[in-house]
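Read the structure below first, then the notes.
The residues of the chain are indexed from 1 along the displayed sequence. Only heavy atoms go into these numbers, but all of them, side chains included; no hydrogens, no water, no symmetry mates.
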Amino acid sequence: MTDRVATSPQIFRPDEMPFIERGNGARTIPLTTTAVGATSFLNGITTFEPGAEIAHHTHNCIESVMIIEGEAIVDIDGVETPLTTHDTTFVPANIPHRFKNASSEKRMRILWTYASVDATRTLVASGETGRIDAEQQSAESLEPVIEHVEIEVQPGSEDAFVAAAAEAAQHFQKTPGSRSFEVFTSHEQPSRMRVLIGWDSIAAHEHFRTTPEYAKWRELVGPHFAEAPRVEHLRSAHKAF
């Protein structure tokens with residue numbers, strides 16, 4: 001497993017978050033993921049519409065699931081057990097299992113946790129294996145984006161910051177998924193810098209933050225910061241000309 005760098009504390013509001021269709025009436029909202037800095041576990045919520053179920057599968061790590069709404073049936077290694085709200089399962093690695101909504105009228109929801117950020121799912125019927133974190137990338141997270149970094153530098157260090165950023169550009173060029181790198185300064189406030197970095201996706205940028213190249217970037221430019229940078233991702237909404 002590669003080293004990962006935690007980002008910052010997060011508050012998740014599932015009702016305001018996008019979901020990923022799983023098929024067969026199930027959809028998932030990823031919560032704690034590698035994209036937000038997870039280093040030891042993953043979790044999220046999956047909603048099952050009335051009568052929905054998912055296929056038998058196994059994982060390469062421990063999984064625990066709590067029923068947070070509705071009535072469920074869990075099949076663990078061929079044994080079916082009815083579950084209700086707050087009932088919780090513990091399934092060791094490589095044990096076939098699946099969940100289904102026991103109701104034909106009401107939805108059911110589970111909160112799942114995997115004991116590894118490198119968790120995988122293997123479908124029993126086909127033998128197909130995929131990483132859980134790859135499933136968690138929504139279509140939006142895979143679109144090209146511009147990373148917009150607003151940096152207040154220490155007064156008098158403007159030229160030194162630009163020189164350090166220019167040297168750091170090579171570390172972005174070495175990173176898969178990096179498209180462009182440009183530094184801007186403000187006419188009105190020379191100590192306020194903007195760095196615009198093009199990425200193939202948000203996921204590509206988040207991966208960069210786990211690499212030695214990111215550490216080298218921060219080593220070069222960090223000493224010139226007057227305060228912590230502000231970062232956001234931009235995607236094109238309209239281009240007139």
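Taking CD1 from I197 and CG from L234, the interatomic distance works out to 11.5 Å, rounded to the nearest 0.5 Å. From R109, atom CZ reaches atom OG1 of T85 across 10.0 Å, with rounding to the nearest 0.5 Å. Between atom CD of residue Q173 and atom OG of residue S178 there is a gap of 7.5 Å, rounded to the nearest 0.5 Å.
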Stepwise salt bridge (charged side-chain N to carboxylate O under 4.0 Å, His left out) check, R107 with E49
CA-CA 5 Å; R107 74 177 186 179; E49 294 303 320; over 6 Å; no
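No hydrogens or angles considered: a donor-acceptor pair under 3.5 Å links the side chains of E71 and T84.
For an aromatic pair to be called close, the ring centres must be under 6.0 Å apart, and W199 with F208 satisfies this.
The aromatic rings of F225 and F161 are tilted relative to each other, their planes meeting at an angle between 30° and 60°. Ring orientation note: the planes of H57 and H59 are nearly perpendicular, at an angle over 60° on the 30°/60° scale.
The pair E63-R121 does not count as a salt bridge, with every side-chain nitrogen at least 4.0 angstrom from each carboxylate oxygen.
Not a single donor-acceptor pair under 3.5 Å links the side chain of S126 to the backbone N or O of V124.
The nearest pair of heavy atoms linking I54 to A26 is CG2-CB, 4.0 Å. The two residues F48 and F99 come nearest to each other via the heavy atoms CE2-O, 3.6 Å.
Applying the salt bridge (Lys or Arg N to Asp or Glu O under 4.0 Å) rule to R218 yields no partners; only residues at least two apart in sequence or on another chain are considered.
When side chains are defined from C-beta on, E152 counts as touching R230, because their heavy atoms get closer than 4.5 Å. Looking only at side-chain heavy atoms (C-beta outward), T32 and L42 stay at 4.5 Å or farther from each other. Between H148 and V231, the closest side-chain pair of non-hydrogen atoms is not below 4.5 Å. Residues I76 and T81 have side chains not in contact (no heavy-atom distance under 4.5 Å, counting atoms from C-beta outward).
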